[in-house]
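Below: the structure, in structure tokens.
Chain letters run A, B, ... following the sequence lines, proteins first and then strands; every chain starts at 1. A quick note: this is a predicted structure, and the numbers were derived from the prediction, not measured. Values reported hereafter were calculated over all heavy atoms of this structure, with side chains retained and with hydrogens, waters and symmetry mates removed.
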Amino acid sequence: MNIEQKLSHKTIEAFQSLYGHTIDAIAFEKTNPIFVGDLTLVVFNFLKISKKKPEETATEIGNYLKANVAEVSDFNVIKGFLNIVIADSFWLNYFKDIYGKPFINHTLPENAPTVMVEYASPNTNKPLHLGHVRNILLGYSVSKILSAAGNKVVKTSVVNDRGIHICKSMIAWKKFGNGETPESSGMKGDHLVGKYYVAFDKHYKSEIESLKNKGIGEEEAKANAPLMKEAQDMLRKWEANDKDVRELWTIMNGWVYEGFAESYKTLGVDFDSTYYESNTYLLGKEIIDSGLAKGILKTREDKSIFIDLTSDGLDEKTLLRSDGTSVYMTQDLGTALLRNQEVNFEKMIYTVGNEQDYHFKVLFLILKKMGYAWADGLFHLSYGMVELPEGKMKSREGTVVDADDLMKVMIDTAAATTKELGKVEGLTEDEAAHLFQTIGLGALKYFMLKVDPKKKMLFNPAESIDFNGNTAPFIQFNYVRIQALLRKSIEGWNFEDQAIFTPNIPLLPKEKELIIKLYNFNATLSQAAAEFSPALIANYVYDLAKEFSQYYHETPILKEERKDLILFRLQLAKTIGIAIKSSIGLLGIEVPERM
RNA sequence: GAUCCCAUAGCUCAGCUGGAUAGAGCAACGGUUUUCUAAACCGUAGGCCUUUGGUUCGAAUCCAAAUGGGAUCACCA
């Protein structure tokens, strides 16, 4: 039982004993820093029960708690606010309990619930871009958070490897590629395929123009341009399993996968499973049949099948076209069912942009209406678009901010800044490269994850590569500073061997604050897991690092004269280091040992 | 036309399960180092929390409407 629960419990007891009234729940909140105290109870709501003035009620409760709860050392009352002071010895004992223990328990209990997290979900006709980066970082971080919170997490991805888009790249490559390969060109595979996607677009547009010059209307020109005809023809051949088309498709997708793998590796993310739409696009018929049998789905006169959601405030949604082929929704229904059969998840998180809010609302509703119990565990982790400042980064037709370019810029900037600060001395080339990557990617990841997922975010290239203030490098720097402190201390004496704890040392206000921050780790983790929000972790770890930074400046540690204080401060610093590493690790960010 | 999301300092964002004087970072200005590594710390300045109404002892926070911004409403994915 934690201290809040104990206090709540005792407060309920107090109401019973003082006023003969039973209350269900009591919530303490953090005391506003401008007042003395750690936890505060607002008593306005209970005046009807006490039938006394706010001050009087608060004082009576305060007296009861002070007398009956050992940890309560004092209290004060201001208007209807009862501020409770928790004894330093409680915090010191708490610190003693957690010292040397990991913040995150990596061994899961037998009965840990299984959660599937989907993210990335790229198309195979072009490289990853800025939008994918936010998606991937969010999904990966949520996976880590859920895992740390005691779930068995299965990271998964759906690859959109079929359709007109990849046929466009294939056609363009056949016509203009002259057999170019990643090996022959030295280009990353996904970029090579993307290049032909852009080439298709360019030639397609000029075809449209020339048709329009012949007096053909825009719509007709778009539909009848020879290149588009060829792409559509290729898609039909693909669906008919044409040997040549399938072969080229396999080769070009293979290039893209190699490219993606490299990007994922640099980004430091991975997956436990991958679903390919070429395998799943026909799924969902099973659900359709069962839905028809249950009378949930209906057939129109033209044989198309739909579900009527108008009573739920939504529209009619078609699930099978009149020619019997399936649509996006059908495929998602089928994939959800397949995944549930395969991994038997309790929760399934879809990391997909908010432009698909409606799609997922409908998807989940249909599955619920179909009676699948697991449909209640489905969640759309919806995130806002990444916007760019106007006029920037739009120079190249057909490309937005490329993920690989972006990572390179971040790493290069980290290298330049590190060198400028003269911090590369004594590092081997490999060590330096790893450091630049840790800092550069850390900055990028933190920049994207510190913002509430559902909000759209502005990506300003100039500001995002800032390494000062509320950034990952600042947090990493504080971790590094702690490590330096620990290294220095070992030269003089081994504090580890003297882990004798003195619970009656004087605790500085900042030290108490830091211990409370450590104490809050578990609550923050639970909340982040419940809300699927890496931003909460980002805020937590920044606060912790900032508090430590202030503490470090105002408090001597190794220069302190009392040995027991040196010991305690080193132990505190060490524990904060572990907390920083654990927390920021939940964002997929590493910490260097030196920087 | 309908539905959904967003609106807090010049900029980027916290705070939103109602509480006491709304917080950070960046940018601006001024300080701190013969060092437990300054990618740091301290200070100054900067706010009608979009507007209007409602609920409440109490509203940035909850409700309603308005305004502004974004998204969605295919037998596309």
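- Checked by distance alone, Asn83(A) brings a side-chain donor or acceptor within 3.5 Å of a matching partner on the base of A20(B).
- Using cut-offs of 30° and 60° for the angle between ring planes, the Phe447(A) and Phe459(A) rings count as perpendicular.
- Nucleotides A9(B) and G15(B), compared at atom C1', are 14 Å apart to the nearest Å.
- A14(B) and A7(B) are spaced 15 Å apart, taking the C1' atom of each and rounding to whole Å.
- For the P atoms, the distance linking G23(B) with C16(B) amounts to 14 Å, nearest Å.
- When each of Arg594(A) and Leu82(A) is assigned the nucleotide of RNA chain B bearing its nearest heavy atom, the one mapping closer to the 5' terminus is Leu82(A).
- To the nearest angstrom, C1' of U37(B) lies 16 Å from CD of Gln476(A).
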### Query
Can you give one letter per nucleotide of nucleotides 70-77 of chain B, 5' to 3': B if a protein heavy atom sits under 4.0 Å from the base, S if only from the sugar-phosphate, - if neither?
SSSS-BSB

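- Summarising the geometry, the separation between OH on Tyr446(A) and C1' on C13(B) is reported as 10 Å, rounded to the nearest angstrom.
- The side chain of Thr417(A) has A39(B) as its nearest neighbour among G25(B), A39(B), C13(B).
- With P as the reference atom, U21(B) and C4(B) are 36 Å apart, rounded to whole Å.
- The nucleotide whose nearest atom lies closest to any side-chain atom of Asn32(A) is, among A20(B), C4(B), G25(B), A20(B).
- Rounded to whole Å, the P atom of G18(B) lies 15 Å from the corresponding atom of C57(B).
- Remark: the separation of the P atoms in A38(B) and U33(B) is 13 Å, to the nearest Å.
- The pair Arg562(A)-Asp564(A) counts as a salt bridge, with a side-chain nitrogen and a carboxylate oxygen less than 4.0 angstrom apart.
- Base-pair partner of G30(B): C42(B) (Watson-Crick or G-U wobble, both distances under 3.5 Å).
- No side-chain donor-acceptor contact under 3.5 Å links Thr325(A) to the backbone of Arg321(A).
- Here, C13(B) and A77(B) have their P atoms 34 Å apart, quoted to the whole Å.
- The nearest pair of heavy atoms linking Gly334(A) to Ile287(A) is N-CD1, 4.2 Å.
- Among U37(B), A20(B), C6(B), the nucleotide with an atom closest to any side-chain atom of Arg487(A) is U37(B).
- When the C1' atom is used for both A22(B) and C76(B), the distance is 46 Å, rounded to whole Å.
- The partner of U12(B) is A24(B), by the rule that a Watson-Crick or G-U pair needs both atom distances under 3.5 Å.
- Nucleotide A64(B) is matched to U52(B) when pairs are restricted to Watson-Crick or G-U wobble geometry with both distances under 3.5 angstrom.
- Side-chain polar atoms of Gln550(A) and Glu554(A) form no donor-acceptor pair below 3.5 angstrom.
- Set against C41(B), C4(B), C13(B), the side chain of Ser549(A) has C41(B) as its closest nucleotide.
- Between Leu536(A) and Phe81(A), the residue anchored nearer the 5' end of RNA chain B, judged by the nucleotide with its closest heavy atom, is Leu536(A).
- The two residues Asp161(A) and Asn253(A) come nearest to each other via the heavy atoms O-ND2, 3.4 Å.
- Here the side chain of Arg162(A) pairs no donor or acceptor atom with the backbone of Asn279(A) at under 3.5 angstrom.
- Ile171(A) pairs in a side-chain contact (heavy atoms from CB on, under 4.5 Å) with only one of the listed residues (Met228(A), Gln232(A), Glu230(A)), which is Glu230(A).
- Taking 4.0 angstrom as the limit, Lys79(A) places none of its side-chain polar atoms (N or O) nearer than this to OP1 or OP2 of G19(B).
- With a cut-off of 3.5 Å on both Watson-Crick or G-U wobble distances, the partner of G19(B) is given as C57(B).
- Stacking annotation: Phe44(A) is stacked on the base of G19(B) (ring centroids less than 5.5 angstrom apart, interplanar angle below 30 degrees).
- Under a 3.5 Å cut-off, the side chain of His359(A) and the backbone N or O of Met329(A) do not form any donor-acceptor pair.
- Nucleotide A2(B): paired with U72(B) (Watson-Crick or G-U wobble, both distances less than 3.5 Å).
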